[in-house]
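First the proteins, then the strands, lettered A, B, ... as listed; each starts at 1.
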2 protein chains.
Amino acid sequence: MSRSTTVERILDSAELLFAEHGFAETSLRAITSDAKVNLAAVNYHFGSKKELIQAVFGRFLDPFMAGLDQSLENLSSDSKMMEVEEVLELLVNHILAVKPRRPNDIAIFMRLMGLAYTQNQGHLKRFLTESYGATLARYFEKLYGSCPGLPVSDMYWRSYFILGSAIFAMSGSEALLAIAKRDHGIDDDIEAIMRRMVPFMAAGLRAHATYDEGHS
Amino acid sequence: MSRSTTVERILDSAELLFAEHGFAETSLRAITSDAKVNLAAVNYHFGSKKELIQAVFGRFLDPFMAGLDQSLENLSSDSKMMEVEEVLELLVNHILAVKPRRPNDIAIFMRLMGLAYTQNQGHLKRFLTESYGATLARYFEKLYGSCPGLPVSDMYWRSYFILGSAIFAMSGSEALLAIAKRDHGIDDDIEAIMRRMVPFMAAGLRAHATYDEGHS
DNA sequence: AAGTGTTTCAAACCTACGTTTGAAAACTGC
DNA sequence: GCAGTTTTCAAACGTAGGTTTGAAACACTT
(Lines give C-alpha, C1' and ligand atoms only; values in the text may rest on other atoms or scores of the structure.)
Protein backbone atom coordinates (compact mmCIF):
# COMPACT_ATOMS: atom_id res chain seq x y z
CA MET A 1 0.00 0.00 0.00
CA SER A 2 2.77 2.44 0.83
CA ARG A 3 3.98 2.04 -2.73
CA SER A 4 1.82 4.64 -4.43
CA THR A 5 1.07 6.52 -1.25
CA THR A 6 4.49 8.09 -1.34
CA VAL A 7 3.89 9.39 -4.84
CA GLU A 8 0.53 10.83 -3.89
CA ARG A 9 1.77 12.35 -0.68
CA ILE A 10 4.47 14.11 -2.61
CA LEU A 11 2.01 15.33 -5.23
CA ASP A 12 -0.39 16.59 -2.56
CA SER A 13 2.26 18.53 -0.72
CA ALA A 14 3.90 19.82 -3.88
CA GLU A 15 0.59 21.00 -5.28
CA LEU A 16 -0.21 22.99 -2.18
CA LEU A 17 3.24 24.43 -1.62
CA PHE A 18 3.76 25.33 -5.27
CA ALA A 19 0.41 27.12 -5.28
CA GLU A 20 1.31 28.99 -2.12
CA HIS A 21 4.87 30.01 -2.84
CA GLY A 22 5.70 29.36 -6.48
CA PHE A 23 8.00 26.81 -8.01
CA ALA A 24 11.43 28.28 -7.49
CA GLU A 25 10.57 29.33 -3.96
CA THR A 26 9.48 25.85 -2.93
CA SER A 27 12.34 23.49 -2.16
CA LEU A 28 12.22 19.75 -2.46
CA ARG A 29 13.15 19.67 1.19
CA ALA A 30 10.04 21.66 2.08
CA ILE A 31 7.91 19.32 0.01
CA THR A 32 9.32 16.06 1.29
CA SER A 33 9.26 17.24 4.87
CA ASP A 34 5.63 18.31 4.53
CA ALA A 35 4.80 15.02 2.89
CA LYS A 36 6.76 13.13 5.55
CA VAL A 37 8.78 11.22 3.02
CA ASN A 38 12.49 11.00 2.41
CA LEU A 39 14.17 13.73 0.43
CA ALA A 40 15.43 11.34 -2.20
CA ALA A 41 11.92 10.10 -2.93
CA VAL A 42 11.22 12.91 -5.35
CA ASN A 43 14.15 12.12 -7.55
CA TYR A 44 13.45 8.43 -7.26
CA HIS A 45 9.80 8.62 -8.26
CA PHE A 46 9.76 11.61 -10.58
CA GLY A 47 13.33 12.00 -11.77
CA SER A 48 13.73 15.70 -11.12
CA LYS A 49 11.98 18.74 -9.77
CA LYS A 50 10.93 19.77 -13.26
CA GLU A 51 9.23 16.46 -13.82
CA LEU A 52 7.54 16.75 -10.45
CA ILE A 53 6.09 20.09 -11.48
CA GLN A 54 4.77 18.56 -14.68
CA ALA A 55 3.33 15.62 -12.76
CA VAL A 56 1.46 17.99 -10.46
CA PHE A 57 -0.16 19.64 -13.47
CA GLY A 58 -0.80 16.39 -15.22
CA ARG A 59 -2.65 14.91 -12.30
CA PHE A 60 -5.46 17.44 -12.38
CA LEU A 61 -5.28 18.61 -15.98
CA ASP A 62 -5.48 15.15 -17.53
CA PRO A 63 -8.99 14.39 -16.30
CA PHE A 64 -10.07 18.01 -16.57
CA MET A 65 -8.99 18.40 -20.17
CA ALA A 66 -10.35 15.03 -21.14
CA GLY A 67 -13.74 16.08 -19.79
CA LEU A 68 -13.61 19.41 -21.57
CA ASP A 69 -12.64 17.73 -24.81
CA GLN A 70 -15.58 15.36 -24.45
CA SER A 71 -18.00 18.25 -23.95
CA LEU A 72 -16.63 19.99 -27.02
CA GLU A 73 -16.99 16.77 -28.98
CA ASN A 74 -20.65 16.44 -27.99
CA LEU A 75 -21.29 20.05 -28.90
CA SER A 76 -19.71 19.89 -32.30
CA SER A 77 -22.32 17.39 -33.50
CA ASP A 78 -25.13 19.92 -33.40
CA SER A 79 -23.40 22.91 -34.85
CA LYS A 80 -25.94 25.62 -34.21
CA MET A 81 -24.38 28.81 -33.01
CA MET A 82 -23.88 29.29 -29.29
CA GLU A 83 -24.14 32.50 -27.37
CA VAL A 84 -20.93 33.84 -25.87
CA GLU A 85 -22.31 33.33 -22.40
CA GLU A 86 -22.97 29.68 -23.12
CA VAL A 87 -19.42 29.06 -24.26
CA LEU A 88 -17.99 30.85 -21.25
CA GLU A 89 -20.29 29.03 -18.88
CA LEU A 90 -19.29 25.73 -20.37
CA LEU A 91 -15.78 26.33 -19.11
CA VAL A 92 -16.86 27.78 -15.79
CA ASN A 93 -19.04 24.79 -15.10
CA HIS A 94 -16.24 22.44 -15.96
CA ILE A 95 -13.93 24.17 -13.56
CA LEU A 96 -16.49 24.22 -10.79
CA ALA A 97 -17.13 20.55 -11.38
CA VAL A 98 -13.56 19.64 -10.50
CA LYS A 99 -13.99 17.17 -7.72
CA PRO A 100 -12.17 18.66 -4.79
CA ARG A 101 -9.39 16.64 -3.27
CA ARG A 102 -9.42 19.05 -0.35
CA PRO A 103 -11.32 22.18 0.63
CA ASN A 104 -10.47 25.15 -1.55
CA ASP A 105 -9.17 22.92 -4.29
CA ILE A 106 -10.42 25.09 -7.11
CA ALA A 107 -8.45 28.03 -5.79
CA ILE A 108 -5.31 25.91 -5.82
CA PHE A 109 -6.13 24.70 -9.30
CA MET A 110 -6.49 28.24 -10.60
CA ARG A 111 -3.49 29.52 -8.77
CA LEU A 112 -1.35 26.84 -10.37
CA MET A 113 -2.67 27.81 -13.77
CA GLY A 114 -1.66 31.36 -13.04
CA LEU A 115 1.80 30.31 -12.01
CA ALA A 116 2.17 28.24 -15.13
CA TYR A 117 1.75 31.37 -17.18
CA THR A 118 3.57 33.87 -15.05
CA GLN A 119 6.57 32.00 -13.70
CA ASN A 120 8.90 31.48 -16.55
CA GLN A 121 9.40 27.78 -16.53
CA GLY A 122 9.97 27.08 -20.19
CA HIS A 123 9.65 23.34 -19.75
CA LEU A 124 6.21 23.77 -18.19
CA LYS A 125 4.79 25.87 -20.99
CA ARG A 126 6.14 23.36 -23.48
CA PHE A 127 4.61 20.50 -21.54
CA LEU A 128 1.23 22.21 -21.27
CA THR A 129 0.90 23.23 -24.89
CA GLU A 130 2.07 19.83 -26.04
CA SER A 131 -0.36 18.01 -23.77
CA TYR A 132 -3.42 20.22 -23.88
CA GLY A 133 -2.91 22.70 -26.68
CA ALA A 134 -5.23 20.89 -29.05
CA THR A 135 -8.16 20.90 -26.64
CA LEU A 136 -7.65 24.55 -25.78
CA ALA A 137 -7.48 25.47 -29.44
CA ARG A 138 -10.76 23.69 -29.92
CA TYR A 139 -12.35 25.62 -27.08
CA PHE A 140 -11.22 28.96 -28.43
CA GLU A 141 -12.50 27.95 -31.83
CA LYS A 142 -15.93 27.62 -30.26
CA LEU A 143 -15.51 30.96 -28.59
CA TYR A 144 -14.55 32.57 -31.90
CA GLY A 145 -17.66 31.08 -33.41
CA SER A 146 -19.84 32.79 -30.86
CA CYS A 147 -18.59 36.24 -31.86
CA PRO A 148 -19.54 36.53 -35.53
CA GLY A 149 -18.33 39.63 -37.30
CA LEU A 150 -15.57 40.41 -34.86
CA PRO A 151 -12.21 40.92 -36.62
CA VAL A 152 -9.71 38.19 -35.85
CA SER A 153 -7.28 40.76 -34.50
CA ASP A 154 -9.71 41.85 -31.80
CA MET A 155 -10.78 38.29 -31.16
CA TYR A 156 -7.15 37.29 -30.75
CA TRP A 157 -6.37 39.92 -28.17
CA ARG A 158 -9.66 39.67 -26.38
CA SER A 159 -9.14 35.99 -25.78
CA TYR A 160 -5.93 36.89 -23.98
CA PHE A 161 -7.74 39.62 -22.08
CA ILE A 162 -10.28 37.18 -20.70
CA LEU A 163 -7.55 34.67 -19.98
CA GLY A 164 -5.71 37.32 -18.02
CA SER A 165 -8.82 38.32 -16.11
CA ALA A 166 -9.49 34.79 -15.11
CA ILE A 167 -5.98 33.82 -14.16
CA PHE A 168 -5.22 37.02 -12.33
CA ALA A 169 -8.40 37.15 -10.31
CA MET A 170 -8.35 33.46 -9.54
CA SER A 171 -4.72 33.14 -8.68
CA GLY A 172 -4.97 35.92 -6.16
CA SER A 173 -8.39 34.86 -5.06
CA GLU A 174 -7.63 33.92 -1.48
CA ALA A 175 -6.22 37.34 -0.72
CA LEU A 176 -8.79 39.18 -2.81
CA LEU A 177 -11.69 37.35 -1.20
CA ALA A 178 -10.41 38.31 2.24
CA ILE A 179 -10.06 41.97 1.26
CA ALA A 180 -13.51 41.94 -0.31
CA LYS A 181 -15.04 40.72 2.89
CA ARG A 182 -13.06 42.87 5.27
CA ASP A 183 -13.18 46.17 3.41
CA HIS A 184 -16.38 45.97 1.41
CA GLY A 185 -18.56 43.45 3.16
CA ILE A 186 -18.69 41.32 0.02
CA ASP A 187 -19.29 37.74 1.01
CA ASP A 188 -18.26 35.90 -2.14
CA ASP A 189 -16.55 32.60 -2.73
CA ILE A 190 -14.62 31.23 -5.67
CA GLU A 191 -17.75 30.18 -7.47
CA ALA A 192 -19.23 33.65 -7.10
CA ILE A 193 -16.16 35.21 -8.68
CA MET A 194 -16.38 32.90 -11.64
CA ARG A 195 -20.05 33.67 -12.08
CA ARG A 196 -19.25 37.36 -12.00
CA MET A 197 -16.73 36.87 -14.76
CA VAL A 198 -19.23 35.67 -17.31
CA PRO A 199 -21.21 38.87 -17.95
CA PHE A 200 -18.02 40.93 -17.81
CA MET A 201 -16.23 38.80 -20.37
CA ALA A 202 -19.28 38.34 -22.55
CA ALA A 203 -19.83 42.08 -22.75
CA GLY A 204 -16.15 42.64 -23.47
CA LEU A 205 -16.21 40.11 -26.28
CA ARG A 206 -19.32 41.66 -27.73
CA ALA A 207 -17.94 45.19 -27.70
CA HIS A 208 -17.63 46.96 -31.03
CA ALA A 209 -14.39 46.33 -32.85
CA THR A 210 -11.56 48.63 -31.89
CA TYR A 211 -11.34 49.93 -35.43
CA ASP A 212 -12.35 48.34 -38.68
CA GLU A 213 -9.43 46.43 -40.06
CA GLY A 214 -9.49 47.71 -43.61
CA HIS A 215 -11.50 50.81 -42.86
CA SER A 216 -12.31 52.31 -46.25
CA MET B 1 31.09 60.63 -13.50
CA SER B 2 31.47 56.97 -12.87
CA ARG B 3 29.94 57.54 -9.44
CA SER B 4 26.29 57.31 -10.37
CA THR B 5 26.93 55.40 -13.55
CA THR B 6 27.46 52.23 -11.59
CA VAL B 7 24.10 52.63 -9.90
CA GLU B 8 22.35 53.23 -13.19
CA ARG B 9 24.12 50.43 -14.99
CA ILE B 10 22.95 48.07 -12.27
CA LEU B 11 19.40 49.38 -12.44
CA ASP B 12 19.34 49.06 -16.23
CA SER B 13 20.56 45.49 -16.20
CA ALA B 14 18.41 44.48 -13.26
CA GLU B 15 15.30 45.96 -14.82
CA LEU B 16 15.81 44.03 -18.02
CA LEU B 17 16.83 40.74 -16.45
CA PHE B 18 14.11 40.83 -13.82
CA ALA B 19 11.53 41.45 -16.52
CA GLU B 20 12.89 38.59 -18.58
CA HIS B 21 13.39 35.95 -15.93
CA GLY B 22 11.73 37.01 -12.70
CA PHE B 23 13.29 38.03 -9.42
CA ALA B 24 14.24 34.74 -7.83
CA GLU B 25 15.57 33.42 -11.11
CA THR B 26 17.87 36.39 -11.70
CA SER B 27 21.08 36.24 -9.70
CA LEU B 28 23.10 39.22 -8.62
CA ARG B 29 25.98 37.67 -10.51
CA ALA B 30 23.97 37.75 -13.71
CA ILE B 31 23.07 41.37 -13.12
CA THR B 32 26.52 42.61 -12.21
CA SER B 33 28.13 40.71 -15.02
CA ASP B 34 25.64 42.13 -17.52
CA ALA B 35 26.19 45.60 -16.10
CA LYS B 36 29.96 45.07 -16.13
CA VAL B 37 30.34 46.06 -12.51
CA ASN B 38 31.72 44.22 -9.54
CA LEU B 39 29.52 41.74 -7.74
CA ALA B 40 29.79 43.57 -4.44
CA ALA B 41 28.51 46.79 -5.99
CA VAL B 42 24.88 45.81 -5.52
CA ASN B 43 25.22 45.32 -1.80
CA TYR B 44 27.33 48.42 -1.53
CA HIS B 45 24.94 50.73 -3.36
CA PHE B 46 21.58 49.19 -2.55
CA GLY B 47 22.14 47.14 0.59
CA SER B 48 20.49 43.94 -0.53
CA LYS B 49 18.78 42.28 -3.43
CA LYS B 50 15.38 43.15 -2.02
CA GLU B 51 16.24 46.81 -1.91
CA LEU B 52 17.54 46.60 -5.46
CA ILE B 53 14.20 45.23 -6.59
CA GLN B 54 12.42 48.09 -4.88
CA ALA B 55 14.82 50.60 -6.43
CA VAL B 56 14.09 49.25 -9.89
CA PHE B 57 10.39 49.82 -9.34
CA GLY B 58 10.90 53.18 -7.71
CA ARG B 59 12.90 54.52 -10.60
CA PHE B 60 10.08 54.30 -13.10
CA LEU B 61 7.06 54.35 -10.80
CA ASP B 62 8.03 57.53 -8.96
CA PRO B 63 7.74 59.82 -11.98
CA PHE B 64 4.91 57.81 -13.46
CA MET B 65 2.75 57.90 -10.37
CA ALA B 66 3.54 61.54 -9.71
CA GLY B 67 2.29 62.35 -13.21
CA LEU B 68 -0.83 60.28 -12.79
CA ASP B 69 -1.55 61.88 -9.47
CA GLN B 70 -1.20 65.30 -11.05
CA SER B 71 -3.67 64.42 -13.78
CA LEU B 72 -6.16 63.17 -11.22
CA GLU B 73 -5.70 66.35 -9.25
CA ASN B 74 -6.47 68.48 -12.28
CA LEU B 75 -9.52 66.40 -13.05
CA SER B 76 -11.00 66.55 -9.59
CA SER B 77 -11.49 70.32 -9.86
CA ASP B 78 -14.20 70.02 -12.46
CA SER B 79 -16.15 67.13 -11.09
CA LYS B 80 -18.48 66.40 -13.96
CA MET B 81 -18.89 62.73 -14.62
CA MET B 82 -16.49 61.05 -16.99
CA GLU B 83 -17.25 58.25 -19.38
CA VAL B 84 -15.60 54.91 -18.64
CA GLU B 85 -13.60 55.16 -21.84
CA GLU B 86 -12.18 58.50 -20.77
CA VAL B 87 -11.00 57.18 -17.44
CA LEU B 88 -9.41 54.16 -19.06
CA GLU B 89 -7.77 56.23 -21.73
CA LEU B 90 -6.34 58.52 -19.13
CA LEU B 91 -4.31 55.63 -17.81
CA VAL B 92 -3.45 54.26 -21.23
CA ASN B 93 -2.15 57.62 -22.33
CA HIS B 94 -0.07 57.96 -19.22
CA ILE B 95 1.50 54.57 -19.80
CA LEU B 96 2.19 55.30 -23.44
CA ALA B 97 3.74 58.61 -22.46
CA VAL B 98 6.46 56.89 -20.42
CA LYS B 99 9.60 58.18 -21.99
CA PRO B 100 11.42 55.10 -23.17
CA ARG B 101 14.87 54.53 -21.80
CA ARG B 102 15.34 51.89 -24.45
CA PRO B 103 13.25 50.38 -27.23
CA ASN B 104 10.39 48.28 -25.93
CA ASP B 105 10.48 49.98 -22.58
CA ILE B 106 6.74 49.90 -22.06
CA ALA B 107 6.71 46.14 -22.42
CA ILE B 108 9.37 45.88 -19.72
CA PHE B 109 7.44 48.30 -17.55
CA MET B 110 4.28 46.23 -17.83
CA ARG B 111 6.05 42.96 -17.40
CA LEU B 112 7.56 44.18 -14.15
CA MET B 113 4.13 45.21 -12.94
CA GLY B 114 2.90 41.74 -13.69
CA LEU B 115 5.76 40.18 -11.78
CA ALA B 116 5.10 42.46 -8.83
CA TYR B 117 1.66 40.92 -8.54
CA THR B 118 2.38 37.34 -9.39
CA GLN B 119 5.75 36.61 -7.81
CA ASN B 120 5.26 36.43 -4.11
CA GLN B 121 7.71 38.97 -2.86
CA GLY B 122 5.94 40.23 0.22
CA HIS B 123 8.34 43.11 0.68
CA LEU B 124 7.60 44.36 -2.84
CA LYS B 125 3.84 44.42 -2.41
CA ARG B 126 4.29 46.24 0.85
CA PHE B 127 6.62 48.72 -0.77
CA LEU B 128 4.27 49.34 -3.69
CA THR B 129 1.10 49.82 -1.69
CA GLU B 130 2.91 52.05 0.77
CA SER B 131 4.43 54.18 -1.95
CA TYR B 132 1.67 54.32 -4.53
CA GLY B 133 -1.46 52.94 -2.91
CA ALA B 134 -3.02 56.36 -2.38
CA THR B 135 -2.70 57.36 -6.03
CA LEU B 136 -4.07 54.08 -7.25
CA ALA B 137 -7.00 54.29 -4.87
CA ARG B 138 -7.71 57.71 -6.29
CA TYR B 139 -7.68 56.40 -9.81
CA PHE B 140 -10.05 53.56 -9.04
CA GLU B 141 -12.32 56.03 -7.26
CA LYS B 142 -12.58 57.86 -10.56
CA LEU B 143 -13.27 54.61 -12.36
CA TYR B 144 -16.00 53.73 -9.87
CA GLY B 145 -17.54 57.12 -10.47
CA SER B 146 -17.81 56.42 -14.17
CA CYS B 147 -19.97 53.36 -13.58
CA PRO B 148 -23.00 54.69 -11.75
CA GLY B 149 -25.48 52.14 -10.54
CA LEU B 150 -23.08 49.21 -10.61
CA PRO B 151 -23.04 47.33 -7.29
CA VAL B 152 -19.77 47.67 -5.42
CA SER B 153 -19.32 43.92 -5.44
CA ASP B 154 -19.28 43.80 -9.23
CA MET B 155 -17.20 46.95 -9.41
CA TYR B 156 -14.70 45.44 -7.01
CA TRP B 157 -14.20 42.28 -9.01
CA ARG B 158 -14.32 43.94 -12.37
CA SER B 159 -11.50 46.25 -11.43
CA TYR B 160 -9.41 43.16 -10.80
CA PHE B 161 -10.57 41.65 -14.07
CA ILE B 162 -9.34 44.64 -16.03
CA LEU B 163 -6.14 44.72 -14.03
CA GLY B 164 -5.58 41.08 -14.91
CA SER B 165 -6.32 41.64 -18.58
CA ALA B 166 -3.84 44.46 -18.76
CA ILE B 167 -1.06 42.86 -16.82
CA PHE B 168 -1.41 39.48 -18.45
CA ALA B 169 -1.60 40.69 -22.02
CA MET B 170 1.13 43.25 -21.54
CA SER B 171 3.53 41.12 -19.62
CA GLY B 172 3.45 38.45 -22.28
CA SER B 173 3.30 40.98 -25.04
CA GLU B 174 6.59 40.22 -26.74
CA ALA B 175 5.67 36.60 -27.27
CA LEU B 176 2.03 37.32 -28.06
CA LEU B 177 2.90 39.99 -30.60
CA ALA B 178 5.19 37.56 -32.38
CA ILE B 179 2.51 34.86 -32.50
CA ALA B 180 -0.09 37.37 -33.68
CA LYS B 181 2.11 38.34 -36.59
CA ARG B 182 3.29 34.87 -37.52
CA ASP B 183 0.00 32.97 -37.21
CA HIS B 184 -2.64 35.58 -37.89
CA GLY B 185 -0.94 38.31 -39.86
CA ILE B 186 -1.82 40.86 -37.20
CA ASP B 187 0.71 43.65 -37.29
CA ASP B 188 0.16 45.28 -33.91
CA ASP B 189 2.52 46.89 -31.46
CA ILE B 190 2.24 47.56 -27.74
CA GLU B 191 0.29 50.73 -28.28
CA ALA B 192 -2.21 48.91 -30.49
CA ILE B 193 -2.82 46.31 -27.78
CA MET B 194 -3.50 48.99 -25.21
CA ARG B 195 -5.90 50.74 -27.56
CA ARG B 196 -7.70 47.47 -28.12
CA MET B 197 -8.11 47.06 -24.39
CA VAL B 198 -10.21 50.16 -23.96
CA PRO B 199 -13.44 49.10 -25.69
CA PHE B 200 -13.14 45.61 -24.25
CA MET B 201 -12.77 46.86 -20.70
CA ALA B 202 -15.33 49.60 -21.06
CA ALA B 203 -17.94 47.17 -22.32
CA GLY B 204 -17.09 44.76 -19.53
CA LEU B 205 -17.48 47.47 -16.92
CA ARG B 206 -20.77 48.55 -18.42
CA ALA B 207 -22.23 45.05 -18.49
CA HIS B 208 -25.34 44.46 -16.45
CA ALA B 209 -24.73 43.51 -12.84
CA THR B 210 -24.22 39.82 -12.26
CA TYR B 211 -27.22 39.70 -9.98
CA ASP B 212 -28.85 42.38 -7.90
CA GLU B 213 -27.30 42.40 -4.46
CA GLY B 214 -30.43 42.42 -2.37
CA HIS B 215 -32.77 41.18 -5.08
CA SER B 216 -36.27 41.46 -3.66
C1' DA C 1 13.26 -19.59 3.04
C1' DA C 2 15.86 -17.85 -0.58
C1' DG C 3 16.24 -14.75 -4.23
C1' DT C 4 14.95 -10.81 -6.88
C1' DG C 5 13.32 -6.42 -7.74
C1' DT C 6 11.51 -2.27 -5.62
C1' DT C 7 11.34 1.36 -2.30
C1' DT C 8 13.21 3.94 1.64
C1' DC C 9 16.74 6.17 4.10
C1' DA C 10 20.83 9.00 5.94
C1' DA C 11 24.53 10.97 4.29
C1' DA C 12 27.22 13.24 1.22
C1' DC C 13 28.24 15.90 -3.08
C1' DC C 14 28.39 19.79 -5.74
C1' DT C 15 26.85 23.84 -7.41
C1' DA C 16 24.85 28.47 -7.14
C1' DC C 17 23.61 32.08 -4.50
C1' DG C 18 23.52 36.50 -1.35
C1' DT C 19 26.47 38.64 1.49
C1' DT C 20 30.81 40.11 3.86
C1' DT C 21 35.54 41.51 4.16
C1' DG C 22 39.72 44.06 3.79
C1' DA C 23 42.65 46.01 0.88
C1' DA C 24 43.43 48.75 -3.33
C1' DA C 25 41.98 52.51 -6.22
C1' DA C 26 39.70 56.74 -7.26
C1' DC C 27 37.92 60.85 -6.00
C1' DT C 28 37.26 65.18 -3.04
C1' DG C 29 38.35 69.32 -0.64
C1' DC C 30 41.93 71.94 1.09
C1' DG D 1 50.10 66.91 -2.91
C1' DC D 2 48.08 65.08 0.97
C1' DA D 3 44.34 63.45 4.40
C1' DG D 4 39.88 61.62 4.29
C1' DT D 5 36.13 59.83 2.16
C1' DT D 6 33.91 57.13 -1.32
C1' DT D 7 33.95 53.56 -4.58
C1' DT D 8 35.81 49.37 -6.69
C1' DC D 9 37.67 44.90 -6.56
C1' DA D 10 39.03 39.87 -5.82
C1' DA D 11 38.39 36.64 -2.70
C1' DA D 12 36.15 34.21 0.61
C1' DC D 13 32.21 32.78 3.72
C1' DG D 14 28.12 30.46 4.85
C1' DT D 15 24.01 28.57 3.37
C1' DA D 16 20.51 26.37 0.82
C1' DG D 17 19.35 23.97 -2.95
C1' DG D 18 18.90 19.73 -6.40
C1' DT D 19 20.86 15.56 -7.09
C1' DT D 20 23.51 11.17 -6.26
C1' DT D 21 24.96 7.19 -3.72
C1' DG D 22 25.11 2.81 -1.47
C1' DA D 23 23.28 0.32 1.88
C1' DA D 24 19.24 -1.13 4.47
C1' DA D 25 14.32 -2.37 4.54
C1' DC D 26 10.58 -4.15 2.24
C1' DA D 27 7.61 -6.80 -1.02
C1' DC D 28 6.72 -10.38 -3.92
C1' DT D 29 7.61 -14.75 -6.39
C1' DT D 30 8.85 -19.52 -6.42
Can you tell me how far [atom2] of [N] sits from [atom1] of [X], to the nearest Å?
X: A/His123; N: D/dG18; atom1: NE2; atom2: C1'; answer: 13 Å
X: B/Asn43; N: D/dA12; atom1: CG; atom2: P; answer: 18 Å
X: B/Arg9; N: D/dT8; atom1: CZ; atom2: P; answer: 10 Å
X: B/Leu28; N: C/dC17; atom1: CG; atom2: C1'; answer: 8 Å
X: B/Lys50; N: C/dC17; atom1: NZ; atom2: P; answer: 18 Å
X: A/Asn38; N: D/dT19; atom1: CG; atom2: C1'; answer: 13 Å
X: A/Leu39; N: D/dG22; atom1: CG; atom2: C1'; answer: 15 Å
X: B/Glu25; N: D/dG17; atom1: CD; atom2: P; answer: 14 Å

Does any donor atom in the side chain of [X] or [Y] lie under 3.5 Å from an acceptor atom in the other side chain?
X: A/Ser48; Y: A/Glu51; result: yes
X: B/Tyr132; Y: B/Asp62; result: yes
X: A/His45; Y: A/Thr6; result: no

Does [X] have a side-chain nitrogen or oxygen under 4.0 Å from the phosphate oxygens OP1 or OP2 of [N]?
X: B/Thr6; N: D/dT7; result: no
X: B/His45; N: D/dT8; result: yes
X: B/Ser27; N: C/dA16; result: no

From the options D/dT20, D/dT19, D/dT6, select the nucleotide whose nearest atom is closest to the side chain of A/Ala40.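 The listed nucleotide nearest to A/Ala40's side chain is D/dT20.
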
Minimum-distance nucleotide to A/Arg29 side chain [options: C/dA12, C/dT19, D/dT6]: C/dA12

Taking the basic N atoms (NZ, or NE/NH1/NH2) and the acidic carboxylate oxygens, is any pair closer than 4.0 Å for B/Arg9 and B/Asp12? no

Test: B/Glu15 and B/Arg59 ion pair at under 4.0 Å: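 Between B/Arg59 and B/Glu15 there is a salt bridge, with a charged N closer than 4.0 Å to a carboxylate O.
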
Looking at every strand, decide which applies to B/Thr32 at a 4.0 Å heavy-atom threshold: base, sugar-phosphate, or nothing. nothing

With a non-hydrogen cut-off below 4.0 angstrom, is B/Ala41 in contact with a base, only sugar-phosphate, or nothing? nothing

